[in-house]
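Convention: sequence-line order gives letters A, B, ...; per-chain numbering from 1. Only heavy atoms go into these numbers, but all of them, side chains included; no hydrogens, no water, no symmetry mates.
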2 protein chains.
Amino acid sequence: MSEIFDAPLLNELQRDNTDPLARPIVVRNAPEQIVERLVTAVALGVYVPGQALPPERELASLLGVSRATVREALRRMTESGFIEQRRGRNGGSFVLENWRPSSADLIRRHLLPNWDRFEALFDARQLLEPVIAATAALRRNEDDVAALSQALEDYHAATDREESRVADERVHRAIAESTHNSVLVGLSAQIRTRISLDLGAEPYTPEIRRVAAEQHGLLADAVIAQDPERASTIALEHFGLTEKLVRDLVARVQELATLETDE
Amino acid sequence: MSEIFDAPLLNELQRDNTDPLARPIVVRNAPEQIVERLVTAVALGVYVPGQALPPERELASLLGVSRATVREALRRMTESGFIEQRRGRNGGSFVLENWRPSSADLIRRHLLPNWDRFEALFDARQLLEPVIAATAALRRNEDDVAALSQALEDYHAATDREESRVADERVHRAIAESTHNSVLVGLSAQIRTRISLDLGAEPYTPEIRRVAAEQHGLLADAVIAQDPERASTIALEHFGLTEKLVRDLVARVQELATLETDE
DNA sequence: TCTTTATGGTCTATGGACCGAACCATATAC
DNA sequence: GTATATGGTTCGGTCCATAGACCATAAAGA
């Protein structure tokens, strides 16, 4: 499973800058890229567990690639336990319910080995997202307000965690899009995708969800009210909360690992 | 020549977010990536005009790729008039002096067709670089101060435009590195590379260079003095100046184009 | 119940990218 | 004048992706 998370989404953003020539060239296969794109789509809530991806032939045409290549990508995803393929009419590639590894597992196998990369990513997010929020507040128009209100409403209407995650994504995306700057929208989406993929199993206690929901409301309000300072402050707080959660979780898992090693 | 500038450096940052699946998969060949990396290295001042790139066999081993592949990349760069290959002992692939198209030419053939992408890029830079500068001011340590002072000194000692450009790059890189965040360093470098590649022929009048030099000094001082507000303000001004220059230049070129069409 | 249809599953032939390695050509250093 | 460091060329092999045809299966619909 874990190899599916190794997609180099942000590699271009955090590559080593010592000698730009000394790194090997890696040709990203078509199947590899397709896996990455599909996993990203699921992480962003385009497809939710239980739902089928488009049929192979359609994917092939959408992606401008042969069906054999699509099949290779889907084969890897099946092997990783990410999807399940069913034959016959009404068959398809279905996103599995439990494709996320458990928090502890994921953190131990993926987060800890790359901890400084994630630290940099969180840090950057806390610096960049307030700017994006402030800019959104300055530039939002009536359409943005409508999109944002709708996303917020969906977020509050969400019942289970999957819905909540999808709606969360939509709120943040609506805010980023209010900046009307494609670079910022892409940057924010990339950071979010990365964190969402790696922390799909974020520790969403009811208490946390309550606080996050409140902050989303306040953040959206600030953007709608065209108050950049407030938007910026709330964004800083909001992403600080996420970071603290992850740090706590990692600390707990590390403690567990220590105990296990001692045995 | 122009196709060499079409390297999708920031594609991942500013792709269309409408339907993530509807875009075709493009397999980035090895030669393509090698060209991109070599052009970037030149844009960042790792190699200056007149200097030779490493020999083919060495490049192949550095990049973990066969010599044939390296040769294909170099062939394209030769064809584009970017380098010149000379045989025999002391031969090699030499970066040409005049590999940059003239401003007007470059703008007409490359900048104008993609104008909204560049607008977004400039806009993002003006929003992000102040944050980077402020963060650098907060986090810089003694080593950073040393690196920054050295870069600044080189900048002032620069005599011709090529040296000036290389030193400029080093100053900004030193500032970004003072944030001690690899994501920010990478982000800043990517934006700078992109703009440097597209605007290699920036309108550097002596007056402009004087102002830019002054701003570099002030910016470095603010970072060294650990004054985030001042650093942020100066960065905003500095990148605003660049943007204004480019806008003026584009306006002039467009005017020229209009005149020519009228004839 | 039978036929149709929408899906995944399998096979083959073809072209292209990249590799590895050897060898050729040339210009300079010694 | 010979050795050497460089680019220039060629050949066979492997793997990847394409295109297209056909098979297998399960559900929908007549």
Side-chain angles (χ1 to χ4, degrees), chain A residues 3 7-8 21 23-38 42 47 50-96 99, chain B residues 3 7-8 21 23-38 42 47 50-96 99:
Chain A
E3 77 278 5
L21 287 187
R23 281 165 314 133
I25 292 281
V26 282
V27 277
R28 320 239 354 261
N29 291 350
E32 199 177 328
Q33 291 190 53
I34 294 172
V35 168
E36 180 181 322
R37 206 178 282 185
L38 291 175
V42 173
Y47 304 100
Q51 189 177 358
L53 304 178
E56 296 179 349
R57 289 166 177 84
E58 192 178 327
L59 275 178
S61 123
L62 275 176
L63 299 172
V65 99
S66 87
R67 195 177 148 220
T69 310
V70 168
R71 280 188 60 70
E72 171 58 21
L74 294 176
R75 195 195 58 72
R76 294 182 194 181
M77 293 170 74
T78 304
E79 202 180 37
S80 303
F82 190 87
I83 59 172
E84 176 197 35
Q85 294 193 289
R86 292 204 290 271
R87 297 211 284 189
R89 189 163 176 156
N90 282 21
S93 310
F94 295 85
V95 179
L96 289 181
W99 62 270
Chain B
E3 78 276 4
L21 287 187
R23 281 166 314 136
I25 292 280
V26 283
V27 279
R28 320 241 353 262
N29 335 344
E32 199 177 327
Q33 292 189 53
I34 294 172
V35 168
E36 180 181 321
R37 205 176 283 183
L38 291 176
V42 173
Y47 304 99
Q51 189 178 356
L53 304 178
E56 296 179 350
R57 291 166 177 83
E58 191 179 328
L59 274 179
S61 125
L62 274 176
L63 299 172
V65 99
S66 87
R67 195 175 149 221
T69 310
V70 168
R71 280 188 60 71
E72 171 58 22
L74 294 175
R75 194 197 57 74
R76 294 185 195 180
M77 292 170 75
T78 305
E79 201 179 38
S80 302
F82 189 88
I83 59 173
E84 177 198 32
Q85 294 192 287
R86 292 205 288 270
R87 296 212 281 189
R89 190 163 175 160
N90 281 23
S93 309
F94 295 85
V95 179
L96 289 181
W99 62 269

Among [options], find the nucleotide with the atom closest to the side chain of [X].
{"X": "A/Glu56", "options": "D/dT18, C/dC19, C/dG9", "answer": "C/dG9"}
{"X": "A/Val65", "options": "D/dT18, D/dG7, C/dT10", "answer": "D/dT18"}
{"X": "A/Ala68", "options": "D/dG8, D/dT18, C/dG8", "answer": "D/dT18"}

Below 4.5 Å, heavy atoms only, C-beta onward: do [X] and [Y] meet side chain to side chain?
{"X": "B/Gln33", "Y": "A/Val27", "result": "yes"}
{"X": "A/Arg76", "Y": "A/Glu32", "result": "yes"}
{"X": "B/Ser93", "Y": "B/Phe82", "result": "no"}
{"X": "B/Arg67", "Y": "B/Arg57", "result": "yes"}

In whole angstrom, what separates [X]'s [atom1] from [N]'s [atom2]?
{"X": "A/Gln85", "N": "D/dA24", "atom1": "CD", "atom2": "C1'", "result": "14 Å"}
{"X": "B/Leu59", "N": "D/dG7", "atom1": "CG", "atom2": "C1'", "result": "12 Å"}
{"X": "B/Leu63", "N": "C/dG20", "atom1": "CG", "atom2": "P", "result": "13 Å"}

Distance from [X] atom [atom1] to [Y] atom [atom2], nearest 0.5 Å?
{"X": "B/Met77", "Y": "B/Leu74", "atom1": "CE", "atom2": "CG", "answer": "6.5 Å"}
{"X": "A/Arg37", "Y": "A/Leu63", "atom1": "CZ", "atom2": "CG", "answer": "6.0 Å"}
{"X": "A/Asn29", "Y": "A/Thr69", "atom1": "CG", "atom2": "OG1", "answer": "9.5 Å"}

Remember a base hit wins even if backbone is also touched, and classify B/Arg71 as base, sugar-phosphate or nothing at under 4.0 Å, heavy atoms.
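Here B/Arg71 touches the bases of the nucleic acid.
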Would you classify A/Ala30 as touching base, sugar-phosphate or nothing, given that sugar-phosphate means primed atoms plus P, OP1 and OP2, and contacts are heavy atoms under 4.0 Å?
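Sugar-phosphate, backbone atoms only, no base.
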OP1 or OP2 of D/dC16 versus the side-chain N and O atoms of A/Thr69: is any pair under 4.0 Å?
no
Is there a salt bridge (Lys or Arg N to Asp or Glu O under 4.0 Å) between B/Arg75 and B/Glu72 once you walk through the steps?
CA-CA 5 Å; B/Arg75 194 197 57 74; B/Glu72 171 58 22; 3.1 Å; yes
Can you check each nucleotide of nucleotides 24-30 of chain C against protein heavy atoms at under 4.0 Å and return B for base, S for sugar-phosphate only, - for none, in 5' to 3' order?
-SBBBS-
Assuming nearest nucleotide by heavy-atom distance, tell me which of B/Gly91 and A/Glu72 is located more 5' along DNA chain D.
B/Gly91
For the helix from C/dT1-D/dA30 to C/dC30-D/dG1, figure out the bend between the end axes, five pairs an end, and round to 10 degrees.
10°
Any N or O donor-acceptor pair linking the side chain of B/Arg67 to the base of D/dG8 at under 3.5 Å?
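Side chain to base: pair present.
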State which residue, out of A/Leu62, A/Leu59, A/Leu53, fulfils the side-chain contact (heavy atoms from CB on, under 4.5 Å) condition with A/Val70.
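Of the listed residues A/Leu62, A/Leu59, A/Leu53, the side-chain contact (heavy atoms from CB on, under 4.5 Å) partner of A/Val70 is A/Leu59.
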